[in-house]
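Just so you know, residue 1 is the first one in the sequence shown, and it goes up from there.
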Amino acid sequence: MSEKITEVEQHGIAPIPPEEQTSRPRDLFRMAFGGANTFATIILGTLPIAYGLSFRDAVLATALGVVVGGSVLAPMALFGPRTRTNNAVSSGAHFGVVGRCVGSFLSLLTAITFFAISVWVSGDAVAGAAQRLFGFDGGPVLRGFAYGVIAIATLVVCIYGYRFMLLVNRIAVVLGTAIMLLGVFAYGGTFDPGYAGTGTYALGTFWPTFTLAALTALANPISFGAFLGDWARYIPASHRKRSLLAAPFLAQVATLLPFGFGIATATLVANPADYITGLTAISPLWYAIPLIVVALIGGLSTGTTSLYGTGLDFSSIFPKLSRVQATLLIGTLSVAFIFIGNFVLDMVSSINAFATLIVLCTSPWMVIMMIGFVQRRGYYDVADLQVFNEGRQGGRYWFARGVNWRAMAAWIPATTLGLLCANTPMIAGPWRDVAGGVDVSLLVTLATAAVAYPVLVKLFPEPPEVFASAPLPVADALPAEA
């Protein structure tokens with residue numbers, strides 16, 4: 001019997017029973033779009049303007065980043081329906097059942113970043129709107145209270161699980177979209193599509209800054225790579241690949257709405273680097289309440305899509321923790337990061353650095369998984385993917401002590417070379433000028449992974465049992481020694 005919305009989800013990373021795979025690709029679309037149709041994405045949309053680009057160039061850079069990122073993300077929806085578990089555990093087929101902890105690390109990195117963005121931005125928006133409506137400046141106390149309320153609400157939704165999250169995201173998709181479209185009437189009279197930019201580029205010249213803006217937008221779809229399986233595992237494998245690929249891609253294309261809202265409104269505020277304060281100052285009074293609604297619903301949507309997956313995956317690394325316990329632990333640590341980052345450190349700088357790490361660490365991991373999917377022709381042994389989680393050794397994906405060194409030997413250099421070539425305000429590698437200041441880090445990291453992994457597999461073939469046509473030797477599936 002399938003779970004009700006009001007029941008706490010009991011499923012961890014163990015395979016979802018086939019009879020409970022009742023979702024459809026359009027549910028995956030709702031989850032992916034709802035998780036991005038928020039103030040967090042709006043903030044990312046404001047950054048190209050803050051970097052000094054014109055409205056036209058900001059739109060072009062953002063559209064490029066979203067389309068490229070959505071194309072890279074889409075194949076990550078193919079794993080969950082077949083493995084009936086999340087993408088981090090699924091990656092054990094290619095990185096080894098122990099090596100799949102790389103995916104768990106990426107999940108944690110992404111969750112902390114986007115949970116922090118959602119709570120931080122939503123809390124500041126609520127505080128700013130309250131000041132605009134009531135003339136009350138609560139200062140750090142009001143902001144801290146808003147952070148706490150949104151963080152607790154997000155934790156509650158995550159604890160209830162997938163069905164509750166699906167409901168929240170259905171609301172977020174409809175309500176968030178309607179309110180952003182309402183912004184046409186709130187700001188349309190003052191918006192100028194011919195906005196020429198500040199004339200001062202963040203990285204000195206146009207093309208490096210344009211590339212930085214595109215990579216900023218690209219971070220949004222890439223961030224879903226480690227989480228897509230959290231929701232796709234509820235979809236039966238009988239659905240067509242075309243539908244599974246289309247759902248996340250179209251969800252990312254749809255995020256051009258919140259991105260566009262951010263770009264357009266950033267041209268109106270006095271200081272795009274202080275967007276939230278500026279937006280609440282120029283908003284008509286009648287639009288302040290809808291802004292609070294977008295902030296609250298959007299914060300819940302983004303926060304839950306990030307935090308749920310990490311709690312789910314963390315419970316697989318530490319099997320003694322249930323999904324609920326792991327979610328509470330990660331949520332508590334993330335809340336501490338939010339308060340320390342906002343009141344002690346520079347939150348914006350911290351988030352920029354984390355976003356760069358997400359792109360350069362996650363994208364080669366995704367490429368290796370996609371190549372592996374093609375090489376294996378979509379075959380996965382559901383039971384053997386759970387070996388590490390169940391405290392066993394052996395199985396098809398044990399490789400060498402649970403790690404497939406071929407995948408690791410492709411991922412580590414790809415990530416390292418990407419970081420060496422990065423050219424962002426926070427992370428600037430020693431090879432950042434290799435292309436005249438244009439950031440080629442993503443191209444380098446993708447190309448390295450795409451070439452290195454197939455070459456290594458060709459030179460050092462993987463064990464035959466990882467393919468569907470080869471049986472698993474009985475001796476390879478023994479319980480772990482005490």
Side-chain angles (χ1 to χ4, degrees), residues 36 38-66 69 113-114 116-118 120-125 128 180 183 187 190-220 223 255-283 291 294-295 298 302 341-342 345-359 422-428 432 437-439:
T38 65
F39 244 106
T41 305
I42 290 173
I43 288 295
L44 291 178
T46 69
L47 294 181
I49 298 297
Y51 295 157
L53 294 180
S54 67
F55 174 76
R56 184 199 65 180
D57 293 332
V59 170
L60 290 175
T62 300
L64 176 63
V66 168
T113 303
F114 280 85
I117 290 177
S118 64
W120 164 58
V121 172
S122 298
D124 280 6
M180 286 182 210
Y187 310 113
T190 54
F191 168 65
D192 177 16
Y195 175 81
T198 62
T200 302
Y201 295 119
L203 295 180
T205 56
F206 174 76
W207 284 113
T209 304
F210 181 90
T211 305
L212 173 65
L215 290 175
T216 300
L218 187 141
N220 207 47
S223 70
T255 64
L256 289 174
L257 171 63
F259 270 115
F261 182 94
I263 295 170
T265 53
T267 66
L268 303 177
V269 301
N271 180 11
D274 189 16
Y275 172 75
I276 298 175
T277 300
L279 182 65
T280 54
I282 66 171
S283 297
L291 276 179
V294 169
T302 299
N342 195 275
L345 306 175
D346 183 347
M347 175 64 87
V348 175
S349 298
S350 300
I351 288 174
N352 282 339
F354 270 59
T356 301
L357 288 173
I358 287 170
V359 170
N423 186 18
T424 71
M426 285 299 299
I427 298 180
R432 60 185 177 275
V438 176
D439 191 332

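At distances below 3.5 Å, not a single donor-acceptor pair connects side-chain atoms of T41 with backbone N or O atoms of F259. Judged purely by atom type and a 3.5 angstrom limit, D439 uses its side chain to pair as donor or acceptor with the backbone of N423.
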Sequence neighbours left out, cut at 3.5 Å: what donor-acceptor pairs do the side chains of residues 211-220 make with other protein atoms?
{"residue": "T211", "atom": "OG1", "partner": "W207", "partner atom": "O", "Å": "2.9"}
{"residue": "T216", "atom": "OG1", "partner": "Y51", "partner atom": "OH", "Å": "3.2"}
{"residue": "T216", "atom": "OG1", "partner": "L212", "partner atom": "O", "Å": "2.8"}

Donor-acceptor pairs under 3.5 angstrom involving side-chain atoms of residues 261-270: please list them, not counting sequence neighbours.
{"residue": "T265", "atom": "OG1", "partner": "F261", "partner atom": "O", "Å": "2.6"}
{"residue": "T265", "atom": "OG1", "partner": "G262", "partner atom": "O", "Å": "3.4"}
{"residue": "T265", "atom": "OG1", "partner": "Y275", "partner atom": "OH", "Å": "2.6"}
{"residue": "T267", "atom": "OG1", "partner": "A264", "partner atom": "O", "Å": "2.5"}

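Using a 4.5 Å heavy-atom cutoff, the side chains of F55 and F191 are in contact. The shortest distance between side-chain heavy atoms of P48 and D57 does not fall below 4.5 Å.
Atoms CZ and OG, on F210 and S54 in that order, are 9.5 Å from each other to the nearest 0.5 Å. Rounding to the nearest 0.5 angstrom, the gap separating the CG atom in L203 from the OG1 atom in T205 is 7.5 Å. One distance of note links CG of L44 with OG1 of T46; it measures 7.5 Å at 0.5 Å rounding.
Considering every non-hydrogen atom in both L53 and A61, the closest pair reads CD1-CB, 4.5 Å. Of all the heavy atoms in I49 and A58, the pair that sits closest is CD1-CB, 3.8 Å.
The side-chain hydrogen bond (donor to acceptor under 3.5 Å, both in side chains) test applied to Y187 returns S283, not counting sequence neighbours.
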